[in-house]
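To keep things clear, I will list the structure first and then write my remarks on it.
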Amino acid sequence: MKKRLLTLFLTFNILGLLNACFPECPHEKYYDYHTIIASVGYPKVVASEKLVFGYQIDWDNREYMAEEKVNFNFSNAIYATTKCQKGYGGEKYPLIRISIKSDAAFNANFPAGSELNSIVIAHGYDVNDKLVEGFLADLNPATLNTYAMKIALKPESFKKHRFTIEIEKSNHEILKATTEEVTFE
């Protein structure tokens, strides 16, 4: 009986040692977030410039999403040599929609609260780190990793605007962020 217990104990510890020598990536494969932060390049836009703005994930409040895994050893695996970091699999719920709106009328075609995606130029990188640029209405947000956006037109009537960026994730969670007031001169 002692031999069986000793054999069983050593087997599990050898498996733990092998796990430590050949570590896998951390269990937290994906990340998720529930807040975004809107920002503008300069809140005063002069005649020769275009408004540059965007959003970023609130990285301080992101959550890592673990995958269930059964671990049969009695010792902890050593992850010091692991090549992967937490969240290495990307977003748990990728974007499916981005919408940009202003709280003031932009021109006759874009009254207050209407979507401006057809006049917003997005710059970003796709999942293969290839530079992508185009009007936001023509791009698939699920394939872009980062964004910088510019408005292609200047407002005709109202000079002060706050832009609301609304994103929808594949789990249908909708996040919103509003920029500070922007003045077009």
Side-chain angles (χ1 to χ4, degrees), residues 28-66 85-185:
E28 297 88 354
K29 184 173 182 179
Y30 302 104
Y31 65 88
D32 194 19
Y33 54 94
H34 304 288
T35 310
I36 59 173
I37 302 166
S39 61
V40 295
Y42 297 101
K44 287 191 177 187
V45 182
V46 296
S48 62
E49 296 177 342
K50 292 183 178 171
L51 171 66
V52 177
F53 68 105
Y55 77 93
Q56 66 182 15
I57 294 169
D58 183 4
W59 292 109
D60 293 336
N61 293 311
R62 72 179 169 245
E63 300 169 345
Y64 292 106
M65 314 295 281
Q85 294 180 350
K86 287 182 178 181
Y88 66 91
E91 295 178 58
K92 179 72 172 177
Y93 306 106
L95 297 182
I96 58 173
R97 184 179 62 84
I98 298 177
S99 176
I100 310 297
K101 297 177 182 176
S102 176
D103 66 342
F106 218 77
N107 59 30
N109 296 327
F110 298 102
S114 63
E115 189 172 84
L116 303 174
N117 288 14
S118 62
I119 61 170
V120 173
I121 300 170
H123 306 269
Y125 290 90
D126 66 11
V127 292
N128 299 317
D129 286 332
K130 180 183 173 190
L131 183 63
V132 177
E133 179 179 281
F135 285 101
L136 193 55
D138 301 330
L139 298 175
N140 179 0
T143 61
L144 295 176
N145 286 332
T146 57
Y147 296 94
M149 296 181 263
K150 293 181 182 177
I151 301 227
L153 302 175
K154 299 257 180 176
E156 291 176 1
S157 51
F158 295 99
K159 301 296 181 185
K160 294 187 178 197
H161 294 259
R162 289 185 190 274
F163 296 94
T164 299
I165 302 169
E166 180 180 286
I167 66 171
E168 182 177 0
K169 300 189 300 185
S170 62
N171 65 346
H172 302 292
E173 180 180 6
I174 295 174
L175 307 177
K176 293 181 185 182
T178 303
T179 65
E180 63 185 286
E181 187 173 79
V182 176
T183 303
F184 291 87
E185 297 179 348

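Just so we're clear, the structure is a prediction, and the values are computed from it rather than from any experiment. Below, each value reflects all heavy atoms present in this structure, side chains not excepted, and no hydrogens, waters or symmetry copies.
- Once rounded to the nearest 0.5 Å, the distance linking CG of Asn61 with CG of Asp32 reads 12.0 Å.
- With values rounded to the nearest 0.5 angstrom, Glu115 atom CD is found 12.0 Å from Thr164 atom OG1.
- Between the CG atom of Asn109 and the OG atom of Ser118 there is a distance of 8.5 Å, given to the nearest 0.5 Å.
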Go through it in stages, so that I can follow the logic: the residues are Val182 and Val45, the test is side chain to side chain contact (heavy atoms under 4.5 Å, CB included), and I'd like the CA-CA distance, side-chain angles, deciding distance and then a yes or no. CA-CA 7 Å; Val182 176; Val45 182; 3.9 Å; yes

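- Side-chain contact between Lys154 and Leu51: absent, with no pair of heavy atoms (C-beta onward) separated by less than 4.5 Å.
- With sequence neighbours excluded, no residue forms a salt bridge (Lys or Arg N to Asp or Glu O under 4.0 Å) with Glu49.
- In this structure, the side chain of Asp126 engages the main chain of Asn128 through a donor-acceptor pair within 3.5 Å.
- Every residue was checked against the side chain to side chain donor-acceptor pair (under 3.5 Å) condition with Ser114, not counting sequence neighbours, and none meets it.
- In this structure, Phe53 has its ring center closer than 6.0 angstrom to the ring center of Phe163.
- Applying the salt bridge (Lys or Arg N to Asp or Glu O under 4.0 Å) test to Glu168 and every residue at least two apart in sequence or in another chain returns Arg97.
- Shown here are the salt bridge (Lys or Arg N to Asp or Glu O under 4.0 Å) partners of Lys176, two or more places apart in sequence or in another chain: Glu166.
- Counting only residues at least two apart or in different chains, side chain to side chain donor-acceptor pair (under 3.5 Å) contacts with residues 33-42 comprise Tyr33-Glu91, His34-Glu63, His34-Glu173.
- Across every non-hydrogen atom of Ala152 and Ile121, the tightest pair is CB-CD1, 4.0 Å.
- Taken to the nearest 0.5 Å, the CD1 atom of Ile167 stands 5.0 Å off from the CG atom of Leu95.
- Contact detail for Ile165 and Ala38: the closest heavy-atom pair is CD1-CB, 4.1 Å.
- The neighbour count for Lys50 NZ, taken as heavy atoms of other residues, nucleotides or ligands under 6.0 Å away, does not exceed 12.
- Here the closest heavy-atom approach between residue Gly54 and residue Met149 is recorded as CA-CE, 3.9 Å.
- Taking CD1 of Ile151 as the start and CG of Leu136 as the end, the distance is 10.0 Å to the nearest 0.5 Å.
- Among residue pairs with one or both ends in residues 91-118, those qualifying as ring pair (Phe, Tyr, Trp, His ring centres under 6.0 Å) are Phe106-His161; sequence neighbours excluded.
- With contacts defined as side-chain heavy-atom distances shorter than 4.5 Å, the pair Lys150/His123 qualifies.
- Atoms CD and NZ, from Glu185 and Lys44 in turn, are 5.5 Å apart once rounded to the nearest 0.5 Å.
- Of all heavy-atom pairs between Leu139 and Gly134, the closest is CD1-O, 3.7 Å.
- Within the 4.5 Å cutoff, the side chain of Leu175 has no heavy atoms near those of the Tyr55 side chain.
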Hey, mind stepping through Lys160 and Asp103 against salt bridge (Lys or Arg N to Asp or Glu O under 4.0 Å) and telling me if it holds? CA-CA 9 Å; Lys160 294 187 178 197; Asp103 66 342; over 6 Å; no

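- Taking every heavy atom of both residues into account, Pro111 and Ala108 meet most closely at CD-O, 4.2 Å.
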Worked verdict on Tyr125 versus Val132 for side chain to side chain contact (heavy atoms under 4.5 Å, CB included): CA-CA 5 Å; Tyr125 290 90; Val132 177; over 6 Å; no

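- No side-chain heavy atom of Ile96 sits under 4.5 Å from any side-chain heavy atom of Pro141.
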